[in-house]
Amino acid sequence: MHVHFLDPYHQRTSPLHSMDGRVKLLLTLGYLVAAALLPAGAWPVFALFFGLAAAAEWLSGLSFGYYWKRSLVALPFALAAVPLVFTAGPPYWQTWGAVSLSLPGLERLISIALKSWLSVQAALLLVTTTRFPDLLAAMRSLRLPRLLVAVIGLMWRYLFVLVDEAGRLSRARQSRSGALPGCPPGGSLPWRARATGGMVGSLMVRSLDRGDRVYQAMAARGYDGEARSLPLPPLTRADSGLLLAAGALLLALLLVAALGWG
Amino acid sequence: MAPVIQIRDLSFAYPDGQPALEDVCLDVQPGEKVALVGPNGAGKSTLLLHLNGILPAQRGSVQVAGMALMAENLPRVRSLVGLVFQNPDDQLFSPTVFDDVAFGPIYQGLPEEEVRSRVQEALAAVGMEGYAGRASHHLSVGEKKRIALATVLSMRPEVLALDEPSAGLDPRARRGLIALLASLPQTMLVATHDLALARDLLSRTVVMNAGRIVASGPTEALLDDPGALEQYGLV
């Protein structure tokens with residue numbers, strides 16, 4: 001019994017799936033930075049950015065609904081920008097006594113919500129079309145600190161083990177959560193909380209123990225604190241061309257936005 | 001006599017589409033001791049997880065003591081079927097042995113003195129009196145296996161469903177566990193690779209392969225048939 005639901009990768013045969021992981025990682029990072037730099041209220045440019053994301057989603061072979069629904073997780077974070085509506089300056093849209101709704105504030109709030117929605121879509125595109133090991137390889141080739149990449153890789157590997165373990169613990173608990181005729185089952189709330197606390201504690205102790213065992217197994221095979229891996233082949237000409245073109249397009253869009261709305 | 005466990009045409013596939021059980025039919029009579037044998041991945045553990053509704057039947061039905069395994073019967077069924085997992089670390093999730101053995105009775109809503117006497121009785125039954133205050137993660141595997149058994153005995157179940165009870169035990173601990181199991185009166189369904197344990201303890205053997213029951217009969221007869229053992233991948 002194993003969990004698969006955590007892995008967002010979807011096996012398909014699409015141009016995006018077959019693209020080099022390094023190219024996808026760079027494109028995604030470029031898109032994120034450009035989206036973050038867009039000035040508030042540049043609605044036509046926002047629409048073009050949305051068009052870029054939608055085109056990539058169409059290419060990926062998964063439904064738009066898949067991306068749009070999942071990317072809604074970004075919206076609660078945009079709530080942090082809600083105070084802007086009340087604190088930004090005039091002109092005001094509505095005023096009720098001491099409370100006024102600022103138009104520039106509203107514009108910034110909507111821009112921030114759109115930016116985060118677009119950014120999450122880009123990140124989703126990256127992880128649904130790229131297998132995690134390819135992503136790690138891409139991070140390494142972009143000179144992210146090797147230790148950091150190794151830690152991310154181990155975390156990914158053992159996340160599944162940990163969730164499996166938590167699942168087994170909770171099954172064992174369910175198995176013994178029985179009832180007798182004429183007795184109200186369930187025990188008291190503090191007792192149930194204590195039992196849950198015990199489970200979390202034993203999960204932590206076991207994770208620590210497992211960490212020790214994993215380290216011993218690595219050390220036994222020669223690990224000396226330096227994460228090594230085979231080098232990747234250089235990018236093809238087509239890939240480099242694509243990166244240059246995409247970079248130029250994003251820059252041009254930013255320039256238009258800055259001139260028109262900055 | 002009505003069977004205490006009645007399984008009809010039970011099929012189950014894991015979420016990734018891997019079929020684990022296909023059209024399993026099995027009756028177990030009260031007091032019967034049944035060995036569930038077969039190669040790794042045959043579906044033995046999956047079948048055990050159906051006995052108290054941890055996994056819901058996708059097709060077919062499971063009845064325990066005449067109760068269908070539906071949401072409203074599950075608490076009652078879980079009191080009747082004591083499921084002991086293969087890895088005792090999964091079974092023992094509380095800080096102390098006492099807390100673990102007391103979990104089932106407390107959950108059932110029994111009064112405190114009854115819980116204390118159940119814990120004592122269960123620890124005595126597995127020969128582990130005096131361990132109540134110990135921390136589970138400091139015990140040896142053999143001790144953990146015994147405590148894991150005590151955690152369900154304290155619920156006074158009618159059926160014991162044991163997953164690989166002798167796996168990972170040294171010869172002496174294994175012998176002790178077999179003697180302990182032989183002393184228990186409950187109906188037993190034991191998934192195991194330990195054919196000698198099956199011969200000593202369990203009068204009937206059910207052979208599973210690739211999610212199906214491929215043979216069922218008296219343990220002696222099956223284990224004395226080298227052709228059958230070879231055919232079912234048991235040697």
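A, B, ... follow the sequence lines: proteins, then strands. Residue 1 opens every chain. In this text the structure is predicted, and so the values were computed from the model without any measurement.
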Residue B/M70 excluded, over 12 heavy atoms near CE under 6.0 Å: yes

Identify the heavy atoms of A/C183 and B/G109 that sit nearest to each other, and give their distance. SG-O, 3.8 Å

Just give me the residue among A/S177, A/G198, A/S202 that pairs up with chain B most often, heavy atom to heavy atom, under 4.5 Å. A/S177

Can you find a pair of side-chain heavy atoms, one from B/F85 and one from A/R168, that are under 4.5 Å apart? no

Heavy-atom pair with the smallest gap, counting every atom of A/W191 and B/Y107: CH2-N, 3.6 Å

Taking everything shown except B/R59 itself, do over 12 heavy atoms lie less than 6.0 Å from its CZ? no

Sort B/T151 into side chain, backbone, both or neither according to what part of it lies under 4.5 angstrom from a heavy atom of chain A. both

Is B/L92 in contact with chain A via its backbone, its side chain, both, or neither, using a 4.5 Å heavy-atom distance? backbone

Greatest number of non-hydrogen atom pairs under 4.5 angstrom with chain B, of A/P185, A/S170, A/S175, falls to A/S175

For B/D89, is it the side chain, the backbone, both or neither that has a heavy atom under 4.5 Å from a heavy atom of chain A? both

In terms of heavy-atom contacts, does CD of B/Q120 have more than 12 from other residues, nucleotides or ligands at under 6.0 Å? no

Top contributor to chain B contacts, counting heavy-atom pairs under 4.5 Å, from A/Q174, A/M199, A/R194, A/R192: A/Q174

Does the A/R176 side chain pair with the main chain of B/Q91, one donor and one acceptor, at a distance under 3.5 Å? yes

Does A/F64 have more than 12 heavy atoms from other residues, nucleotides or ligands lying within 6.0 Å of its CZ? yes

Rounded to the nearest 0.5 Å, what separates atom CZ in A/R206 from atom CG in B/D90? 6.0 Å

Only counting residues at least two apart or in another chain, list the ones meeting side chain to side chain donor-acceptor pair (under 3.5 Å) with B/N40. B/H193

If you count heavy-atom pairs under 4.5 Å with chain A, which of B/T96, B/D99, B/L51, B/D100 comes out on top? B/D100

